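Only one structure is covered here, and it is reproduced in the block below.
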Amino acid sequence: MAQAIPTPTEQTALPAIEGRNLEIRYDDTTVVAQANLHVNAGEICCLIGKSGCGKTTILNTLAGLVTPTQGSVLSFGEDVTGKPGSIGYMLQKDLLLPHLRIIDNAALPLLLKGQAKQEARETAARLFPTFGLEGTEGLWPHQLSGGMRQRVALLRTYVTGARCLLLDEPFSALDAITRADMRSWFTKVTQKLGLSALVITHDVDEAVSLAQRVYVLAGNPRLGQPSTIHAEIHVERNESPNGPFELTEEFLQAKRSVWAALQDNAQ
Amino acid sequence: MAQAIPTPTEQTALPAIEGRNLEIRYDDTTVVAQANLHVNAGEICCLIGKSGCGKTTILNTLAGLVTPTQGSVLSFGEDVTGKPGSIGYMLQKDLLLPHLRIIDNAALPLLLKGQAKQEARETAARLFPTFGLEGTEGLWPHQLSGGMRQRVALLRTYVTGARCLLLDEPFSALDAITRADMRSWFTKVTQKLGLSALVITHDVDEAVSLAQRVYVLAGNPRLGQPSTIHAEIHVERNESPNGPFELTEEFLQAKRSVWAALQDNAQ
Amino acid sequence: DDNRQSASATNATELSLVLDYTPNTNHTGIYVAQSLGYYAEEGISLTIVSPPEDGADALIGAGSVQLGISYQDVMANYLASSTPLPYTAIGAVVQHNTSGIMSRQEDGITRPRAMEGHQYATWNQDVEQAMIRDIMAYDGGDYSKIELVPYAVDDEVAGLRSNAFDCVWVYEGWAVQNASLQNFAYSYFPFIDYDDSLDYYTPVIAANNEFLAKNADTARAFMRATRRGYEYAASNPSDAARILVEAVPELDAQLVAKSAEYLAGKYIDDASEWGYIDKDRWARFYQWLNDNGLVETTLDVDAGFTNDYLA
Amino acid sequence: MKHAPSDTTSRKAKRIGIPLAVVAGTIICWHLAIISGLVPNFLMPTPLQVAQALASDWQLLASHAGTTLVEAAIGLAAGVALGFVAAVAMDRFEVIYLALSPLITISQTIPTVAIAPLLVLWLGYGILPKIVLITLTTFFPVAISLIAGFTSVDPDTVNMLRSMGASRWDIFRYAKLPEAADHFFSGLKISATYAIIGAVIAEWLGGDAGLGVYMTRVRKSFSYDRMFAVIIVISALSLMLIKIIDILKKICMPWKHTERNE
Amino acid sequence: MKHAPSDTTSRKAKRIGIPLAVVAGTIICWHLAIISGLVPNFLMPTPLQVAQALASDWQLLASHAGTTLVEAAIGLAAGVALGFVAAVAMDRFEVIYLALSPLITISQTIPTVAIAPLLVLWLGYGILPKIVLITLTTFFPVAISLIAGFTSVDPDTVNMLRSMGASRWDIFRYAKLPEAADHFFSGLKISATYAIIGAVIAEWLGGDAGLGVYMTRVRKSFSYDRMFAVIIVISALSLMLIKIIDILKKICMPWKHTERNE
Ligand SMILES: Nc1ncnc2c1ncn2[C@@H]1O[C@H](COP(=O)(O)OP(=O)(O)OP(=O)(O)O)[C@@H](O)[C@H]1O
Ligand SMILES: Nc1ncnc2c1ncn2[C@@H]1O[C@H](COP(=O)(O)OP(=O)(O)OP(=O)(O)O)[C@@H](O)[C@H]1O
Ligand SMILES: NC(=[NH2+])NCCC[C@H](N)C(=O)O
Ligand SMILES: [Mg+2]
Ligand SMILES: [Mg+2]
């Protein structure tokens, strides 16, 4: 089991986010049923599963945007079912506002919190180099490439300052190098600030290298089989590795387990 | 060098698509300069490069949607600079039409060619299981997951029947298993029909296993360095491999070359 | 001098008068009295307001103005209503009904029965059509042989010229003067040549009943000044026309001058004094309305007017 | 947001009940305003008096309403068609856009009374000049809204279609038109609201039938009760037309699941 | 599509030249129509006669135009404000939407002449009843367009904002309002077109100043040349207002690079 990084501000006993016995439907289709998952404070978990199985649906629910037909969502012990706003959420679509320049899109969460425009812009601007976005501050969203837009969306989510983040395929449009950079930045920053995160990814390597635990969601809602949590894989990490984690035996083992869980369901 | 698969209908001597000495600008930013690339008939090439370097811009230009400020685009010897319509293009955004049901979105290219609605629908519907989309025919786009939408967009591009395809990150939103399925379906179908394709991908493994040649684009247009083709890596394939290509030495070698070319530029 | 004037201005009784229509030569006397200070001399400060279309009577009745211009025929509708307007005619502006039928000269419509087989531009009002029917009958014509077409022009002369219709109801003091000004060859005959009952009072000065009851002296003062204005207009038509055009520069000066010339002899005409309303003539027309069933309830033929404020 | 829309019976009752309640409330206020003397009865009839006038003149009103409805329907149809054609042409050819823009604005700023004699001269006393006037009134909101709608299409969607070899007509049909649907219906709603009253005003030009003719007649004979009765008929017809447009919109835009995302 | 927009001088010349040419062409056709006898000169003056009337009545027209412009500006501002508030309230609360919808439609279907005496009675002979009428005319297109605009927001954008803890006001400000801008401006364009002519018609209520008063007076004294002169003034003022709105739109929507994607 992953080691929850204790932070002085939170009671570490309570999970940062928890979905209990979730059942979620659209009209007459039950997409998710009896799903239980949680992220402990300071922990990164990944959610993986086949396209269309309901990962985004679960994140929408955890974020409070969708109210489950059954079950509840708790954040640090508080019931937040159907109540958005307390958890940082990067949606699968980038959803940049077309009428705001990039800098203002990035600074939006600060503006929403009531910060002065200039101050908010400065705060956001300081992060642009980290996200490889220098030089784009004054552009409009339609002038950016897909990967650039995705990074703006990630930056925007980070800027919310939420202690718990839900990220829906945050690196999918990035090239391998930028992706690796962003990922290591993300790992560092979550550790430093004690953030918790639930990340959807399709990259098994990424899941294993990021997460303390990987949830595998399985099912086929469009064919009448609601998805549920099919497996939960704990990623063991050697406390003092002599090389990158990706080259250790533990990494390979976790990767194999995830693959097995995925394939298991594919039959 | 990759073996161009000869097809009876085309003169194999001429590339399916070729960009000659392209220079492309947006307003006052030169994004691409002096770029030369081509895809031979029956060949699959990949285009890879850092996020924001200009890959989509090149595909837009090859598709005839953007007119380069310099250089020209040829398809089977014919000048198609600034003339869209002859090449199948799957854009980076899925761009499903929100007011058409999934089946009609998929059948759109056939309708544009003047096919009867019913016939077009039937043709498209037959492909739905291949793309793992069965059961979604009657839904609206906003009812699909991100990966499902991407697969509809791919299906739609395939349905155009174009002999040359440009695909912009066609598998980026798919889970590993679906992705592998789609990729092997794609390899098979291009070989069978003698299609040519230029595919943008961020996954080096994917590039190497799909392509006969990999182009690496490098530059940083937002910081005043127009991108150009930095490297062209030929993927050698053993004609009679005794196992999957991904486990061969050739694969590893090509992969290393691509990584090197990418990283080379990152410094 | 200055002081006295401003003092008298502040002590002056404020009155408002609503016109029936856009300012025209029917109103000359009022503009003259205003401009030459006759009202001021009577201690009256008068505001002349323009009405919304067909809205003058309601405003007088509601008391939002004390005075206004109306017509005997129009008043009939309001007086015979189940909720009658509380107002009274207190003076005739023009003694006789100066309206009639105008046509192109070449058509030879010089008398009512000649309208047979021609297009008459109707306002689609019951009273109006009844009057046509009435004079046709007096002249031995057949009303049913007239072709009614909707009245859809402002300029009767232009309507006749463009053959939009063959004959039309006009006021001699305005449209007919316009025709002669334009050298348009027309024929015209007045209603009163065919039926005395149609010699009603149009237009009249009307006043709110409550105002009259409470401010009889003011009303008399107003009428005194107004009479002086009309007397001036009767004897100095060209000066009066100039005064009107000065006050309302949008009007066509030539037409106003010509109309003023014509109306000079019509304001007082055969009456003993300006404004006098003959009891019998008033009653005869209202009787005619009653007889022809043109009003909602039966009119009291002697009601609706008074000469009490003339002296 | 994303739940199944629960258009329960209570919700449906609300959708019908509230508008009815508001209309009923307005009528009560109106009644009170008169019996309290706030508005003199000789200027405005009570709702009861109007109801009586409606009842007694029912047949006459119905026949006039028929005429007006026909004019309004033809005029609205022609106006929408004209607005549509104008918008498409203006979207397609910039020259036409630049040429027509000022003329269209001017066409809306010429008062009816000024051109009424000319219209009658050219088109006679029949239904034709009325239809021309209604068309002139109703085409404008449709044209303006559609032009705005056409230009709001995502250029990438157009690119996608162009890459499939779509003709201009295809782009129009598959991207611009559906994208403009929202705009179109708001223009249509404005036009439809003006259609009936536009017909009434056109009938003031002169004519023998129609609510406008009826209205002028009762106004000139100062029957306020009947005048308000005809206003009520005009409003009722307009509300009916708007309702039809709403239904049409739902049918034409099935991809917009919910009307309002409350 | 994606090139730098080449708004060269030749293009600019086109944008100004074509409308001018069209207006000039219209004037020539008008002249020809009259001298050829197609339209009788006693029904319609020649452009030259109108120009003479304009020149001779210039001062009078300018002073009346001042009155009308003030009324139109106040009425339009009030109408836009009212339309905006109504649309926001109707978007925010379904009850208000259901309650106001029928009343708004009814408000557009009551003919001015019918309630003119009431308006004058309540609001006097001054500028007030006119402004009320202009407000009533202009608020409607704005309200309808805005409501359509507000509901056209992508629900996912709203979700994104909600996930950031955005209040309803934030969602309004950052998503609904900008999304509705396109709709708003097409509504505003319709309203602005109606503002001046609305003021003219309102002045028929009675009054002593304004282009409407001028128009009635010259019409009743059969001066067709001066009547057409005032129509020209009305059209010119309206075109000016529309131009201002266009400029305003460009300023308010900088993210829409090109007006038309030709
Ligand atoms: N419409 C536009 N106007 C101005 N600049 C643009 C426009 N589209 C793209 N650019 C700029 O061109 C550059 C290349 O963009 P492009 O979309 O081609 O990148 P890409 O290589 O496809 O990136 P990604 O992998 O992130 O999709 C970027 O710097 C971007 O800001
Ligand atoms: N608004 C909606 N209305 C109806 N059905 C929906 C809606 N949104 C999603 N669905 C359905 O719910 C299922 C799960 O969708 P979801 O977006 O959660 O998948 P996902 O796991 O995120 O897939 P991907 O990896 O492709 O993004 C799909 O079958 C989809 O069709
Ligand atoms: N029946 C009447 N007296 N009507 C008066 C109307 C007078 C006015 N000159 C007109 O032509 O309309
Ligand atoms: Mg998803
Ligand atoms: Mg791209």
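Labels below follow one simple rule: chain letters A, B, ... track the order of the sequence lines, proteins then strands, and each chain is numbered from 1. Quick caveat, the model's predicted, so the values are computed rather than measured.
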Next item on the list: Take E:Phe222 and C:Leu255 through the side chain to side chain contact (heavy atoms under 4.5 Å, CB included) test and state the conclusion after the steps.
Entry: CA-CA 9 Å; E:Phe222 315 120; C:Leu255 179 58; 3.7 Å; yes
Next item on the list: Would you list the pairs meeting side-chain hydrogen bond (donor to acceptor under 3.5 Å, both in side chains) in which at least one residue belongs to residues 50-68 of chain C, sequence neighbours left out?
Entry: C:Asp54-D:Arg219, C:Asp54-D:Lys220, C:Asp57-C:Ser70, C:Asp57-C:Tyr87, C:Ser64-E:Tyr125
Next item on the list: With a 4.5 Å heavy-atom cut-off (strictly below), which parts of residues 35-65 of chain E touch chain C? List them by number.
Entry: E:Phe42, E:Leu43, E:Leu60, E:His64
Check: Residues of residues 224-238 of chain E under 4.5 Å from chain C (heavy atom pairs)?
Finding: E:Tyr224, E:Arg226
Measure across [X] and [Y] and return the closest heavy-atom pair with its distance rounded to 0.1 Å.
X: C:Leu59; Y: E:Leu121; result: CD2-N, 4.1 Å
X: E:Ser221; Y: C:Leu251; result: OG-CA, 4.0 Å
X: C:Gly55; Y: E:Pro117; result: CA-CG, 4.0 Å

Could you have a look at [options] and say which one has the most heavy-atom pairs with chain E under 4.5 angstrom?
options: C:Ser162, C:Ser16, C:Ala62; result: C:Ser162
options: C:Ala56, C:Pro51, C:Ala175; result: C:Pro51
options: C:Thr22, C:Val256, C:Val157, C:Asp155; result: C:Asp155

Item checked: chain E contact via C:Leu19 - side chain, backbone, both or neither, heavy atoms under 4.5 Å -> neither
Checklist line | Which atoms of C:Ala58 approach chain E - backbone, side chain, both or neither, heavy atom under 4.5 Å | finding: side chain
Side-chain donor-acceptor distances from residues 177-184 of chain C under 3.5 Å, at least two apart:
{"residue": "C:Gln177", "atom": "NE2", "partner": "C:Glu172", "partner atom": "O", "Å": "3.1"}
{"residue": "C:Asn178", "atom": "OD1", "partner": "C:Gln182", "partner atom": "NE2", "Å": "2.9"}
{"residue": "C:Ser180", "atom": "OG", "partner": "C:Gln177", "partner atom": "O", "Å": "3.1"}
{"residue": "C:Gln182", "atom": "OE1", "partner": "C:Arg161", "partner atom": "NH1", "Å": "3.4"}

Margin query: Could you check whether any side-chain heavy atom of C:Pro23 comes within less than 4.5 Å of a side-chain heavy atom of E:Arg217, counting everything from C-beta outward?
Written below: yes
Notebook entry, point to check: For C:Asp107, does the CG atom sit with more than 12 other heavy atoms under 6.0 Å from it, leaving out its own atoms?
Noted result: yes
Next item on the list: Count the heavy atoms of every other residue, nucleotide or ligand shown that sit under 6.0 Å from CD of C:Glu246, and state whether that count exceeds 12.
Entry: yes
Next item on the list: Select one option (side chain, backbone, both, neither) describing which atoms of E:Thr216 are under 4.5 Å from chain C's heavy atoms.
Entry: both
